[in-house]
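First up is the structure itself, then whatever we jot down about it.
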Amino acid sequence: MPTDSEQEARDRLLLTVNSIPRGRVSSFGRIAEAAGFPRRARWVGRVLSQLPADTSIPWHRVLGHNGDITCPRNDIASDRLTKEGVAVHDRKVDMRKYVWPG
DNA sequence: GGTGTGACGAACA
DNA sequence: CTGTTCGCCACAC
C-alpha cells in the first residue's frame, strides 16, 4: 500500500501536470522541480507511466528536456499534441517555443 | 541485499 | 552533432 506522503506527492505532481496549459509542453525535470521535487525526473516518468489509459491528466504534454516524445504511446501523444496546435516533427517538439513555464 | 533497468538530465569528449 | 559517463530513485529479480 502507498504511504499517505507518497500519495500526497503524486497528487502534487499530477496537479502540476494538470496546470500545463493547452498547446504548451514541459519536461520531466521541469515538472518535477515545479511540483517541489528537484532531480526526480525519473520518478515523474514512472508515475505518468502508471496512469490509467482513460485519465484526464495531460501526460502527453510532458516530454524529455530536449523535446523528445519518449513515452511508449508516442503515437497518441503526437496526435494529441498536434490537435492542440503543437508542431510535432519526427517524434520531437521545438521545446523553446512551447515550453511551460515560459 | 546486490544488480540491472528505465516515459530523465546534465556535463563532457 | 553523437556517444559516454555519471547522478538520480523506484522497482523487479
Side-chain angles (χ1 to χ4, degrees):
Chain A
M1 279 296 283
T3 315
D4 287 349
S5 58
E6 292 174 340
Q7 185 66 54
E8 188 180 338
R10 276 194 295 275
D11 288 345
R12 206 159 14 133
L13 171 63
L14 297 182
L15 221 54
T16 306
V17 175
N18 261 329
S19 63
I20 305 176
R22 210 179 124 90
R24 309 290 297 280
V25 299
S26 194
S27 69
F28 296 94
R30 241 166 126 108
I31 287 298
E33 186 164 25
F37 306 98
R39 288 171 229 93
R40 300 292 173 108
R42 296 195 95 121
W43 171 70
V44 173
R46 217 190 76 70
V47 171
L48 294 187
S49 72
Q50 293 175 346
L51 289 174
D54 60 357
T55 183
S56 61
I57 306 292
W59 53 267
H60 53 280
R61 295 180 192 150
V62 185
L63 316 173
H65 69 251
N66 55 354
D68 284 325
I69 301 177
T70 50
C71 68
R73 322 289 191 268
N74 54 42
D75 300 14
I76 301 176
S78 178
D79 192 51
R80 289 186 183 175
L81 288 174
T82 301
K83 287 179 179 176
E84 291 186 2
V86 177
V88 182
H89 180 62
D90 194 30
R91 301 277 155 46
K92 291 176 189 170
V93 170
D94 188 343
M95 215 53 176
R96 294 173 302 184
K97 181 163 186 174
Y98 302 101
V99 68
W100 179 90

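In what follows, chains are A, B, ... by sequence order, proteins preceding strands, each numbered from 1.
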Test your reading of the model: is there a side-chain donor-acceptor pair from [X] to the backbone of [Y], 3.5 Å cut-off?
X       : Y       : value
A/Arg61 : A/Ile20 : yes
A/Arg91 : A/Ile69 : no
A/Ser27 : A/Arg30 : yes

- Between A/Ser27 and B/dG9, does any side-chain N or O lie under 4.0 Å from OP1 or OP2? yes
- Message: If you compare every side-chain N and O of A/His65 against the phosphate oxygens of B/dC8 (OP1, OP2), does one of them come in below 4.0 Å?
- Response: no
- Interatomic distance at P, C/dC6 relative to B/dA7, whole Å: 22 Å
- Query: When you look at A/Val44 and A/Val47, which way does the side-chain contact (heavy atoms from CB on, under 4.5 Å) test go after all the steps?
  - Reply: CA-CA 5 Å; A/Val44 173; A/Val47 171; 5.9 Å; no
- Query: How does each nucleotide of nucleotides 8-13 of chain C score, in 5' to 3' order, for protein heavy atoms under 4.0 Å: base (B), sugar-phosphate only (S), or none (-)?
  - Reply: BSSS--
- Query: So which heavy atom on A/Ser78 is nearest to which on A/Val88, and how close?
  - Reply: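 Smallest heavy-atom distance, with atoms named: OG-CG1, 3.5 Å.
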- In terms of heavy-atom contacts, does CD of A/Gln7 have more than 12 from other residues, nucleotides or ligands at under 6.0 Å?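 Check passes, neighbour count above 12.
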Euclidean distance, atom [atom1] of residue [X] to atom [atom2] of [N] [Å, nearest integer]:
X       : N     : atom1 : atom2 : answer
A/Asp68 : C/dT2 : CG    : C1'   : 13 Å
A/Met95 : B/dA7 : CE    : C1'   : 13 Å
A/Glu33 : C/dG7 : CD    : P     : 20 Å

